[in-house]
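Positions are given from 1, in the same order as the sequence printed here. Just so you know, ligand 1 is whichever comes first in the structure, and atom 1 is the first atom listed for that ligand. The structure displayed is predicted, hence computed values, not measured ones.
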Amino acid sequence: MRFDILTLFPAMFQGPLTESILKRAQQAGKITIHLHDIRDWATDRHRTVDDAPYGGGAGMVMKAEPLAAAIQAVQAADEPGGPVVLLTPDGELFNQSIARELATLPRLILVCGHYEGIDERVRERLIDREISIGDYVLTGGELAAMVVVDAVARLVPGVIDSESIVEESHSDFLLEYPHYTRPAVWEGLAVPSILLSGHHGEIARWRRSERLRRTLARRPDLLARAAAAGVLTKADLALLAEWGWQPPGSGWNTDGHE
Ligand code: 4G0
């Protein structure tokens, strides 16, 4: 898969993209990441990329011409084309299912906005999709683009061990069970004895109940989705009922009224 990143600060990407798994994936030819400095498409002496907003107000807006020229040049530079995605707090909330969808594409073109955003006409004409990594504002789209590249790249076949992808948190709405490695006792804290027992059936049941316990405590919203998706077994539901949890919206009102 090919990633193109349009940014005013290409140097910000040295680090996250040149270390560890993303580095290996690039060396192995599973992914390529192409950085493009939007300022290279500015035409005036000062290489201007932003300007004051029409109508007044705080901050600056990314100018249409350099940004549009950059997007069009990068899109045309190679086959196949790919969707042009703007990272913005106004976008659709990024999640694992969007990451899976994007990982099926041959190419993704990511645009990192700065200042108060980009000229609306570029958004209208050239942006295919707008993604937000969460409900907070960053100084630019770069960190958001890195998050998207990382989450998508690891799903590209051959980038990481495929077993870790199926088993991971969020693929089946339950949080992960707790993990332990040696030593068996650290600072007086023992590893749960079941994990040292060698009883594989009991270990699997313990891990399942820990996943349910954690999801109930931290993300009851996910538990409701797991129930709705039908991924909870009778044993799961019995355990959850012991803890006082009932699938929401399952119908009967038990408060004695209506
Ligand atoms: C475009 C993404 C880009 C518009 C980018 C800001 C947070 C995210 C930027 C704006 C970003 C995110 C309208 C402020 C750059 N901040 N949550 N900052 N506006 O994904």
Side-chain angles (χ1 to χ4, degrees), residues 1-17 19 21-22 31 33-42 46-75 82-105 107-156 169-170 219 221-222:
M1 180 169 182
R2 169 174 174 150
F3 296 87
D4 288 276
I5 302 171
L6 283 72
T7 172
L8 290 172
F9 301 100
M12 278 184 75
F13 292 84
Q14 298 312 315
L17 306 182
E19 285 297 330
I21 292 171
L22 294 183
I31 61 166
I33 301 171
H34 302 255
L35 294 168
H36 309 276
D37 187 343
I38 295 166
R39 209 174 284 279
D40 292 345
W41 280 271
H46 297 106
R47 307 223 294 157
T48 309
V49 290
D50 65 321
D51 204 344
Y54 274 120
M60 299 287 268
V61 176
M62 280 177 79
K63 288 172 66 62
E65 300 99 317
L67 182 57
I71 294 170
Q72 286 167 327
V74 167
Q75 179 71 271
V84 178
V85 174
L86 175 69
L87 287 310
T88 164
D90 304 341
E92 148 189 38
L93 264 188
F94 189 59
N95 61 23
Q96 194 65 24
S97 95
I98 297 173
R100 267 188 233 111
E101 179 192 338
L102 297 179
T104 67
L105 303 173
R107 190 172 179 198
L108 193 59
I109 300 170
L110 298 166
V111 176
C112 306
H114 251 262
Y115 313 108
E116 303 308 307
I118 70 173
D119 189 295
E120 184 64 20
R121 294 162 295 182
V122 174
R123 188 194 296 238
E124 261 175 42
R125 183 68 61 82
L126 296 174
I127 300 296
D128 298 309
R129 190 163 184 177
E130 297 175 37
I131 290 179
S132 165
I133 63 160
D135 290 337
Y136 38 81
V137 178
L138 304 167
T139 58
E142 282 77 12
L143 288 166
M146 290 181 219
V147 166
V148 169
V149 169
D150 192 278
V152 172
R154 64 185 288 287
L155 300 178
V156 169
S169 195
H170 291 106
R219 295 292 305 275
D221 60 311
L222 285 183

If you count the atoms of ligand 1 from 1 in the order shown, which ones are under 4.0 Å from a heavy atom of [X]?
{"X": "Tyr136", "value": "7 (C), 17 (N)"}
{"X": "Gly141", "value": "5 (C), 15 (C)"}
{"X": "Ala144", "value": "20 (O)"}

**OP:** Evaluate whether atom CZ of Arg125 has more than 12 neighbouring non-hydrogen atoms of other residues, nucleotides or ligands under 6.0 angstrom away.
**Re:** no

Subject >> Residue pair Thr7 / Glu142, side-chain donor-acceptor N/O under 3.5 Å >> reply: yes

Shortest non-hydrogen contact from [X] to [Y]?
{"X": "Leu8", "Y": "Arg39", "answer": "CD2-N, 4.1 Å"}
{"X": "Met60", "Y": "Asp50", "answer": "CE-OD2, 3.1 Å"}
{"X": "Val111", "Y": "Val84", "answer": "CG2-CG1, 3.7 Å"}
{"X": "Ile33", "Y": "Leu17", "answer": "CG2-CD1, 3.7 Å"}
{"X": "Met62", "Y": "His114", "answer": "SD-N, 3.1 Å"}
{"X": "Met146", "Y": "Met12", "answer": "CE-O, 3.3 Å"}

Subject >> Best match, Val61, Ile133, Leu87: closest heavy atom to atom 12 (C) of ligand 1 >> reply: Ile133

Short N/O distance, under 3.5 Å, between [X] and ligand 1?
{"X": "Gly113", "value": "no"}
{"X": "Ser132", "value": "yes"}
{"X": "Val137", "value": "no"}

Among protein heavy atoms, which lies nearest [atom], and at what distance?
{"atom": "atom 11 (C) of ligand 1", "result": "Pro89 CD, 3.6 Å"}
{"atom": "atom 4 (C) of ligand 1", "result": "Gly117 CA, 3.5 Å"}
{"atom": "atom 16 (N) of ligand 1", "result": "Leu138 N, 2.9 Å"}
{"atom": "atom 13 (C) of ligand 1", "result": "Glu116 O, 3.4 Å"}

